[in-house]
Amino acid sequence: MPTIKDIARAAGVSHATVSNVLNHKGNVSAQKVKLVLDAAKAMGYRVNEAASTLRSGSARLLAVILPDTSDGLYDDLYASLSRAASENGYATLLRLTANLPGAEYRAIQDVLSARAACVVVVTSLPDPKTSYAPLLQAGVEVVFALRGGFEGCLTAGFDMDAAAQAIAARVLRDGPAESIAVMTNMVHYPAEAAFRTAFLVSVQPGGRTITCVQSISSQYGRQAFSLFRGRAPEVIVTTCEEMAMAAVRAGALLGCRPRIYTLAPKRLMRPTQYAAYQLNYRRLGYAIGRMLTCEGEEKRPLIGDMSGFAPEPFPRSGAVRRRRLSLLTADTPVVSALTSLAPRLKRDTGLELSVTTLPTQEVSRAFSRPELIARFDMARMDLGLMNAWAAELFAPLDALRIDVERMLGQMLPGIADEYASVEGRYYALPFDPGCHLLFFREDLFQDQRFQREYYEIFREPLRIPRDADAFVRTAQFMDAASAKAGSARRGAIITRRASECISDLISLSADGAWPRLTEEDLEGYVRRRRTLEKCAAVVRDGSWNSAVSRFAQGESALLIAHSNYARHLADEPLSRVSGRVSFARAPGGRGFLGGGVIGVLAASRRREEAAVFLDWLLSRENSGLVALLSGCSPWAEAYDNEELLGIYPWLGAVREGLRSGVRRHIFASMGRPFDNMAVEKEIARVCALAVAGELSPSQAAGRINDMRLFS
């Protein structure tokens, strides 16, 4: 590999300059940064992170020692450990042992050599105290996870006594259990021994036949056949999902179908071959990572969250008489999720859902045509139409056979006021709530050349834009920098939808109510918009689906979009920017709310069936599946679910945006019913005339103020 001296010679700069660039230090001009990085890339130079850590004397390294990552629980644990470490500026070092003591001894030496600050280990050693003494003596913080450690060490795991007792109670409740087989990892691990002991104590009375088998991960498949020796068991209990699957396969080969119960990672998609008692390995891993990498965090044993058994299947309803329902909706990710879940809906309820998707504007127009709306049983309504149409078109929820309070109680706090009620009465339920978020190319913001060039132009660091002026300035810079580099990438993507205009102007308000606009306000808007139109790619059809898809293809550095359409950014096979996108609150800090609601049309003759559908859609299990497939949900648990956050990391920002966002109550002085969308479009039309020069900023401000929209 080339040395710093080689790169300096090729770039025509000093050794010190090359060192500063590669180590992100010093005051180096953008031109020299480019010379060094181009030379390093051309010569195949890659920064050795471990060597860099040693040179700098830094110990911001979290080491992780695991048996393997093929088992889902270890994969979950590592992913969340790594996320917590990264958030706090730590790198991670992973070593796998395959449950072999020799491999674990070598891993310990690697951790010592790397000068890690802390280590998390799922040990395979029967007595780890002696082996880990060198790390502890070197001041390395060690956490023994899942299997336990030794007296006085720092541990993290689950309450295995409680888990074993819960599984035993379920086994005895579900049916005959005269012969039971139990498969665990090696019982010299304290956690495995605790589980086996607690389970046997719970089921032993009653003269049952109990077979116990222990195994290491590489032997699960072979040892599973030991469970069936002699009398085939009625019940098999295991301590991990890989064991359960091995038991399923062995039983199938032998023609046996015992009931199988297992500890398993918490998942939104419930397994069908066995009953899973869910342990939240992701949340435990994140808690361990924060404890070790956050300054001031208390160092203490951690007990992970146990979610109990996966939800029971949706109860079949015998009340449904007519079996077909029709839904009118715009094309949103939740609609795609419903289409995927249609076979499940039919299985659970007997209902078939016919979905008609139209452009948002066409759906809006349909609400004013009784002969058209009469063809449907339910409709998805844009949030901006709620004040005008919900009470007129939808049947009140209290007239349907659904438990409204239960449904709303499992949703995000406060969301019902915005997405469900009109004048104090509930007419709809949240369907695909979302808010404006800023998505940006993180790799571009971290690019040293861009950072230096931006500083040389504006004499301030390149940061995530927090207001409308900063957004436009950053988009203009990114557009010019891309053009200079020969890239077709634009600074931003815009749709020219009314929401872009309203979001910009509402940022002028401190309380989220529509402001009385001044000539200066409109002059600022016109200046920003004219600049943005020159440095942005325009989505001609105004579709959020199109805007997000184009951003996912790498067409721009910035995008402000409704979060309920952001799923495309997680579709890795379809995205060219996967892993390089980050997110933040929309400029201005107050999210513009979007998405829609679902309601039962008052004219429908299938209200009873529609009530069954809503109950099915918003059940705990199906809410989770819809969130998994669509990336948006009103379901409160979705915003704390590590599985979902791993796929859609922006959900945490969405929760805050939904809590502080505005939409229906922007125009606080207007009476009801009131069509938010119509007024938003008229404001955007007037502003567009000002941008085009057909109205002066003063005239535009006057026309908008004459609508008397402010308090």
Side-chain angles (χ1 to χ4, degrees), residues 22-25 46-69 73-97 104 106-123 132 134-146 149 153-157 280-302 304 442-443 445-448 451 463-464 579-584 642-643 645-647 649-650 652-653:
L22 297 180
N23 290 289
H24 304 274
K25 295 178 179 179
R46 297 290 183 271
V47 176
N48 185 317
E49 293 294 342
S52 177
T53 297
L54 288 171
R55 286 196 303 271
S56 65
S58 170
R60 297 183 72 83
L61 179 67
L62 168 65
V64 184
I65 302 174
L66 300 175
D68 58 65
T69 54
L73 65 93
Y74 297 134
D75 190 43
D76 282 2
L77 188 74
Y78 178 70
S80 51
L81 277 168
S82 181
R83 180 163 67 92
S86 178
E87 289 175 359
N88 292 292
Y90 277 67
T92 53
L93 173 70
L94 174 64
R95 290 293 180 266
L96 303 179
T97 67
E104 189 164 339
R106 290 191 294 274
I108 293 170
Q109 291 304 312
D110 287 347
V111 173
L112 275 170
S113 299
R115 298 173 61 185
C118 41
V119 60
V120 179
V121 57
V122 178
T123 185
Y132 281 87
L135 285 176
L136 296 170
Q137 291 166 4
V140 180
E141 292 183 300
V142 182
V143 175
F144 290 88
L146 303 184
C153 70
L154 196 58
T155 59
N280 201 328
Y281 292 94
R282 290 176 186 260
R283 184 169 295 177
L284 177 64
Y286 190 73
I288 297 170
R290 283 190 57 83
M291 178 177 71
L292 291 174
T293 63
C294 283
E295 292 184 13
E297 285 282 321
E298 181 186 357
K299 303 298 187 293
R300 57 186 175 82
L302 294 174
E442 188 174 32
D443 58 322
F445 276 78
Q446 293 177 347
D447 187 289
Q448 287 178 266
Q451 290 174 345
R463 298 191 184 100
I464 310 308
R580 292 181 285 168
V581 174
S582 195
F583 53 89
E642 289 77 11
E643 185 178 357
L645 287 169
I647 302 170
W650 50 84

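- Taking the side chain as every heavy atom from C-beta outward, Leu302 and Val143 never approach each other to under 4.5 Å.
- Put simply, the side chain of Asp447 never gets that close to the backbone of Asp443: no donor and acceptor are under 3.5 Å apart.
- Contact between Ala107 and Ile65 at its shortest, heavy atoms only, is CB-CD1, 4.0 Å.
- Checking side-chain atoms of Ser82 against main-chain N and O of Tyr78 turns up no donor-acceptor pair under 3.5 Å.
- Here the straight-line distance linking atom OG1 of Thr92 with atom CG of Leu61 works out to 7.5 Å at 0.5 Å rounding.
- With hydrogens and angles ignored, the 3.5 Å screen pairs a side-chain donor or acceptor of Lys299 with a backbone N or O of Met291.
- Glu141 places no side-chain N or O within 3.5 Å of a backbone atom of Val119 that could act as its donor or acceptor partner.
- Not counting sequence neighbours, the partners of Thr123 by the side chain to side chain contact (heavy atoms under 4.5 Å, CB included) test are Glu104, Val121, Leu125, Pro128, Tyr132, Phe144.
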Apply the test side chain to side chain contact (heavy atoms under 4.5 Å, CB included) to residues Leu112 and Leu135: give CA-CA distance (whole Å), side-chain angles for both, the deciding distance (0.1 Å), then the verdict. CA-CA 7 Å; Leu112 275 170; Leu135 285 176; 3.5 Å; yes

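- The CG atom of Leu645 lies 11.0 Å from the OG atom of Ser80; values are rounded to the nearest 0.5 Å.
- Across all non-hydrogen atoms, the minimal contact from Pro67 to Leu96 is O-CB, 4.1 Å.
- When all heavy atoms of Leu81 and Gly289 are compared, the pair lying nearest together is CD2-N, 3.6 Å.
- Closest approach of Ala156 to Ile288, counting heavy atoms only: CB-CD1, 3.5 Å.
- Between Leu62 atom CG and Leu94 atom CG the span is 10.0 Å, to the nearest 0.5 Å.
- For Arg463 against Phe445, the heavy-atom pair with the smallest separation is O-CE2, 3.3 Å.
- Note that CZ of Arg283 is 12.5 Å distant from CG of Asp76, once rounded to the nearest 0.5 Å.
- To the nearest 0.5 angstrom, Tyr74 atom OH is 6.5 Å from Leu146 atom CG.
- Among all heavy-atom pairs drawn from Leu292 and Cys118, the shortest one is CB-SG, 3.9 Å.
- Taken from CZ in Arg95 to CZ in Arg106, the straight-line distance is 11.0 Å, to the nearest 0.5 Å.
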